[in-house]
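Please read the structure below before turning to the comments.
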Amino acid sequence: MSLTRTTCPYCGVGCGVLAGADGTIKGDPDHPANFGRLCSKGSALGETIDLDGRLLHPQIGGQRATWDSALDQVATKFSDAIRDHGPDSVAFYVSGQLLTEDYYVANKLMKGFIGSANIDTNSRLCMASSVAGHKRAFGTDTVPGTYADLEEADLIVLVGSNLAWCHPVLYQRIVAAKQARPNMRVVNIDPRRTATCDLADLHLRVAPDGDVALFNGLLTYLADHGQLDMAYVTAHVGGCEATLAAARASDPLQSGAAPEDITQFFALWAGTKKVMTVYSQGVNQSQCGTDKVNAILNCHLATGRIGKPGCGPFSVTGQPNAMGGREVGGLSNMLANHLDIENADHRDTVQTFWNSPTICTQAGFKAVDLFDACAAGKIKALWVMSTNPAVSMPNAENVAQAIKNVPFVAVSDIMARTDTGDLADVLLPATGWGEKDGTVTNSERRISRQRAFLSAPAEARPDWRIISDVAARMGFADAFAYDSPADIFAEYIVLDAATRPFARDLDLSIFADADYAKLVPTQWPRNDVRFFADGRFYHADGKARMLPVQAPVAQQTGLTLNTGRNRDQWHTMTRTGKSPKLGAHLAEPYLEIHPVDAAEIGIAHGDLVEVHNVQGRNILRALVTDRVASGQLFAPMHWTRQTARGATVNALVAPVTDPFSGQPALKRGDVSVQPFKAEWYGFLACLHQPEAHTPYAAIARTATGWQVEMAGSEAPDSWTEMLGGMIGLSNAETSVFEDRADGTIRVALHREGVIQAVFFAARTPVILSRSAAISHVGTVTPPLEALAGRMRQDQPDPGVVVCACFNVGRNTLQAAVTAGAFSVQALGEITCAGTNCGSCKPELADIIEQNTVPVAAE
Ligand SMILES: Nc1nc2c(c(=O)[nH]1)N[C@H]1C(S)=C(S)[C@@H](COP(=O)(O)OP(=O)(O)OC[C@H]3O[C@@H](n4cnc5c(=O)[nH]c(N)nc54)[C@H](O)[C@@H]3O)O[C@H]1N2
Ligand SMILES: Nc1nc2c(c(=O)[nH]1)N[C@H]1C(S)=C(S)[C@@H](COP(=O)(O)OP(=O)(O)OC[C@H]3O[C@@H](n4cnc5c(=O)[nH]c(N)nc54)[C@H](O)[C@@H]3O)O[C@H]1N2
Ligand code: SF4
Ligand SMILES: [Mo]
């Protein structure tokens, strides 16, 4: 089977993948991002390319429609709104998961032809603070670092980044570098103890938003210890004095980290020349996100630790094409190709190049304001592409209402049902990863090709074509007459050349003569160029700026909710949710809570809890752990109205934003927690996709179908009726076993001897081997046997999946430890666990620790 060279569609590491139509997935040994490695999500890509659940035909009002009528409808509704209410009455909300070519076309249509800047993107929730911080410091949005710099650094400082789970291949590269050079040091700055701490020599457990105080403290320390590079500052940096004065006003203890950890961190930084600071959403997604970015950049600029190998700040991007989106101008406050809306010369040049009838003259709505404008009735037509804002935006219930309030909504997605798609008037089926062609830019400015290796299913079309077809119907056929993504990429590169006279970092000239079909992964401006090596920056005076920033006043009230990601799920799970292997790692929406807080509230590990505030309410499984500090909670962002009931965590997050970037503070909400008083708990394993109506329900794929964890505050009148409503099997035979003494119920639904579903309910959380129950679904097994809670045909129960790459369960691992595998390496040799992506290694270490009998001290 011939394999196609393409790029992973998940995180910003941008790993090269070799993929085949039969589902074969391998790491590309020649790709400079991963050199053959893949993480669990990348390795499971083959399980996510089936057509199950795909949107295969256009729909209008929930009914199948032709492409012509759907495209006409979108074009007419947008044109009518523009005619009646002006260009700012329409908006696009797009995504860092679009390819550069899709993004370029969407931006061109909105800014140059509709004449509004109302195109914003989910990158506003992701990278906006880094963009704003870079522009304040450098005069451009430049990410100077590369992955090789990380391997060369002597000190890596991770700030607000769970790299082990969110950029696993990059994390593994650092693990390998540290093994090769044991003197390398890693510091992790995070209020939570995450899997990334496994690699860290020092974990600074800061308070939420304690970062500005910490980095202001570091700057002061560096100044007081004669560590500022004054020659560099004088030649290349402005604003040092004022910045230092502001830094002196804050107390590093305000950061919340332990005093001895702070001292150790400062001394380590001061004593190391090659320092890389890697930062991500714990920095960006904050009310003071832009200030956090500049507090970090200040320290690098003041010491000249930038523009040299192995040192500098490095904002790692989340989505596969977050960088590409920034390059083409996908944010509502940028024009195109790193040019400014506010600059008349920039606007004229772009308008002339596009030969467009108009051009936007002022910034459009940023994401949070955009959905507020929808709620206020200002937006008459909205087009959402490749993102799921009804789940991923803060104040998610209000955002869903706001979308409903827009008279016309179009959604382009690959899946038939998403929480946002459910609110659309028109659904447009897009081709997905493996079916589409284009380019993406990863965290280190490397542009790689995504290449199709599957044919487009049914009527699905690439996003760039859908947008161009609507543009043509709005009267702009000539400007959008593209035949292929290669045409669009070529135009984008020529636009870059036309705007070369403007001082900017972006320079795509290396691609001028590139053969699109054969394009090899290449960094801009060139693989061998080091940004800022000559000390020249992009402010008018050629200097960088240090920015005075003030630490926010701590205002801890009650419990603080932090949110983020799981190792094996991607955002709203529309793709990773298809993989039983990935679903098995953490199968339910949960809330991490400290044992002291749990005791105070009166809840135990595994209980359900109700989390609420003025915005909304969630029901989540309590995971009692000291990974979170007392007073703090953590919940993953992944569960939606499709995969759970009452677990969309953004229903609890207030739409508070950073004043400079407009990025929402998704890491910090005020909430209250109380026990959820469940009358019964249930577990269902079934063959066909269930619908859950119980107050708590979490749905996931399994190896034999689906599973639902559920709970209710009132027992139903009839269990069989309830189950029938969930799985719609009216003609199945039912076997019910009820133990009136302890109130447990077991039900098997079967048809012609084949088990369709097994269900277990109890007054307390159901204690049962999930794998055992799941193993009987779809098999010919007597009901009583299927309900016995034992694995089918005496197969050993592997337990909850720990290593998703090789599907190794906790029980298997525990058995291996008991049999003498006392190291992560030994476990790997016996079970293969941890030997592919390695991101389960921290969990393997925990299992070893928990299952090794301590040798008694003599
Ligand atoms: N498995 C997986 N990987 C992904 C994704 C995914 O959905 N799943 N999504 C991708 C995307 S789009 C993104 S943006 C990245 C995100 O990658 P990361 O930013 O690494 O991930 P998060 O879990 O959102 O948050 C990182 C950490 O910030 C910490 N934090 C919270 N508040 C603060 C604070 O005030 N200060 C500091 N210093 N830390 C704080 C949290 O405790 C958390 O551990 O991941 C990418 N990779
Ligand atoms: N509480 C909280 N909320 C957060 C975050 C957090 O840390 N905490 N993180 C934020 C961040 S950093 C991000 S990036 C966002 C991510 O949030 P979203 O962008 O809303 O999440 P995804 O699930 O990635 O949504 C992508 C959608 O595009 C569809 N899709 C996939 N491929 C294609 C394609 O080729 N074409 C089209 N048209 N559609 C496609 C998918 O099926 C899916 O519906 O969430 C943000 N929200
Ligand atoms: S680290 Fe994993 S998710 Fe990220 S690009 Fe590589 S394989 Fe894909
Ligand atoms: Mo993101």
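One is the number of the first residue; the rest follow in order along the sequence. Each ligand, and each atom within it, is numbered from 1 in the order the structure gives.
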Starting from atom 19 (O) of ligand 1, locate the nearest protein heavy atom and write down its residue, its atom name and how far away it is, to 0.1 Å. Ser280 OG, 2.6 Å

May I ask you to identify, for Asn566, whether its side chain, its backbone, both or neither come under 4.0 Å of ligand 1 on a heavy-atom basis? backbone

In Å, rounded to the nearest 0.5 Å, how long is the span from CZ of Phe265 to CZ of Phe215? 4.0 Å

By number and element, which atoms of ligand 1 are closer than 4.0 Å to a non-hydrogen atom of Gln319? 12 (S)

Lys841 with Asp198: basic N within carboxylate O range, under 4.0 Å: no

Can a salt bridge be assigned to the pair Arg192 and Glu592 using a cut-off of 4.0 Å between side-chain N and carboxylate O? yes

Heavy-atom nearest neighbour in the protein, as seen from atom 2 (C) of ligand 1, with distance rounded to 0.1 Å: Gln569 O, 3.4 Å

Nearest heavy atom to atom 10 (C) of ligand 1: which of Trp570, Tyr171, Tyr279 does it belong to? Trp570

Taking C-beta and beyond as the side chain, do Tyr279 and Val293 meet within less than 4.5 Å on heavy atoms? yes

Taking 4.0 angstrom as the limit, do Lys292 and Asp209 come out as a salt bridge? yes

Does any donor atom in the side chain of Thr418 or Asp413 lie under 3.5 Å from an acceptor atom in the other side chain? no

I need the nearest protein heavy-atom contact for atom 36 (N) of ligand 1: residue, atom name and distance, please. Asp211 OD1, 2.8 Å

Within ligand 3, which atoms have a heavy atom of Cys8 less than 4.0 Å away? 3 (S), 5 (S), 7 (S), 8 (Fe)

Gln550, CD atom: more than 12 neighbouring heavy atoms under 6.0 Å: no

Flag the pair Lys578 and Glu47 as a salt bridge only when some basic side-chain nitrogen lies within less than 4.0 angstrom of an acidic carboxylate oxygen. no

Report yes if Thr194 has an N/O atom closer than 3.5 Å to an N/O atom of ligand 1; otherwise report no. no

Taking atom 27 (C) of ligand 1 as the reference point, the nearest protein heavy atom with its distance: Asp190 OD2, 3.3 Å

Where do Asn650 and Val391 land on the side chain to side chain contact (heavy atoms under 4.5 Å, CB included) test, with the steps shown first? CA-CA 7 Å; Asn650 273 322; Val391 181; 5.6 Å; no

I'd like to know whether ligand 1 has Thr196 as a neighbour, heavy-atom separation below 4.0 Å. no

So for ligand 1, is Thr563 a polar contact partner (N or O within less than 3.5 Å, distance only)? no

Which residue supplies the protein heavy atom nearest to atom 2 (Fe) of ligand 3, what is that atom called, and how far is it? Cys39 SG, 2.3 Å

Tell me which protein heavy atom sits closest to atom 14 (S) of ligand 1, plus the residue, atom name and distance to 0.1 Å. Gln281 NE2, 2.9 Å

Is it the case that the side chains of Tyr590 and Asn566 hold a donor-acceptor pair, with the cut-off being a distance below 3.5 Å and no angle test? yes

Do any nitrogen or oxygen atoms of Lys41 come within less than 3.5 Å of a nitrogen or oxygen of ligand 1? yes

Any nitrogen or oxygen of His638 lying under 3.5 Å from a nitrogen or oxygen in ligand 1? Just yes or no. no

Sub-3.5 Å N/O-N/O distance, Cys126 and ligand 1: no

Could Asp28 and Arg5 be called an ion pair, given the rule that one side-chain N must be under 4.0 Å from one carboxylate O? yes

If the cut-off is 4.0 Å to any non-hydrogen atom of Tyr10, which atoms of ligand 3 fall inside it? 3 (S)

For ligand 1, is there an atom lying under 4.0 Å from some heavy atom of Ser286? no

Would you say NZ of Lys178 has more than 12 non-hydrogen atoms from neighbouring residues, nucleotides or ligands within 6.0 angstrom? yes

Examine Gly160 against ligand 1 and note whether any of their N/O atoms are separated by less than 3.5 Å. yes

Considering distance alone, does some N or O of Cys166 sit under 3.5 Å from an N or O of ligand 1? yes

By number and element, which atoms of ligand 3 are closer than 4.0 Å to a non-hydrogen atom of Pro168? 1 (S)

Hey, would you say the Phe453 and Trp433 ring centroids sit under 6.0 Å apart? yes

Regarding Ser129 and Ser661, is there a side-chain donor-to-acceptor distance under 3.5 Å anywhere? yes

For atom 11 (C) of ligand 1, find the nearest protein heavy atom and state the residue, atom name and distance (0.1 Å precision). Gly318 CA, 3.3 Å

With atoms numbered from 1 as shown, which atoms in ligand 3 lie under 4.0 angstrom from a non-hydrogen atom of Leu38? 7 (S)

Which atoms from ligand 1 have a heavy atom of His571 less than 4.0 Å away? 7 (O), 9 (N), 10 (C), 11 (C), 12 (S)

State the atoms of ligand 3, each with its element, that fall below the 4.0 Å cut-off from a heavy-atom position in Val169. 1 (S), 6 (Fe)

Heavy-atom closest pair, residues Arg193 and Arg205: N-NH2, 3.6 Å

Identify the closest protein heavy atom to atom 32 (N) of ligand 1: which residue and atom is it, and at what distance? Lys667 CB, 3.7 Å

With heavy atoms under 4.0 Å as the rule, classify the contact between Trp165 and ligand 1 as side chain, backbone, both or neither. backbone

Any heavy atom of Asn34 closer to ligand 3 than 4.0 angstrom? no

Taking only Lys NZ, Arg NE, NH1 and NH2, and the carboxylate oxygens of Asp or Glu, determine whether Asp419 and Arg641 approach each other closer than 4.0 Å. yes

Would you mind reporting whether Asn188 and Thr194 have side-chain heavy atoms less than 4.5 Å apart? yes

Check each atom of ligand 3 against the heavy atoms of Gly14 and keep those under 4.0 Å away; list them by number with element. 5 (S)

For Cys11, counting its heavy atoms only, list the atoms of ligand 3 lying under 4.0 Å from any of them. 1 (S), 3 (S), 4 (Fe), 5 (S)

Quick one: look at Lys292 and ligand 1, take heavy-atom pairs under 4.0 Å, and tell me if it's side chain, backbone, both or neither. side chain

Show me which atoms of ligand 1 lie under 4.0 Å from any heavy atom of Pro208. 35 (O)

Measuring from atom CD of Gln285 to atom CG of Leu666, what distance do you get when rounded to the nearest 0.5 angstrom? 4.5 Å

Quick one: do the Thr625 and His594 side chains pair a donor with an acceptor below 3.5 Å? no

When only distance counts, is Arg192 in polar contact with ligand 1, meaning an N/O pair under 3.5 Å? yes

Numbered atoms of ligand 3 (with element) below 4.0 Å of Gly42, judged on heavy atoms: 7 (S)

So OG1 of Thr290 and CG of Asn284: to nearest 0.5 Å the spacing works out to 8.0 Å

Heavy-atom nearest neighbour in the protein, as seen from atom 34 (C) of ligand 1, with distance rounded to 0.1 Å: Gly282 O, 3.5 Å

So, is Arg565 polar-close to ligand 1, with some N/O to N/O distance under 3.5 Å? yes

Spatial distance of atom CG (Leu219) from atom CG (Asn298) [nearest 0.5 Å]: 6.0 Å

Quick check: does Asn162 get an N/O under 3.5 Å from an N/O on ligand 1? yes

Would you say atom 6 (Fe) of ligand 3 has Cys15 as a near neighbour, meaning an N/O/S atom of that residue under 2.8 Å away? yes

Below a 4.0 angstrom heavy-atom separation, can you tell me which part of Asp209, side chain or backbone, both or neither, approaches ligand 1? both

Do the side-chain N and O atoms of Thr196 and Asp190 include a donor-acceptor pair separated by under 3.5 angstrom? no

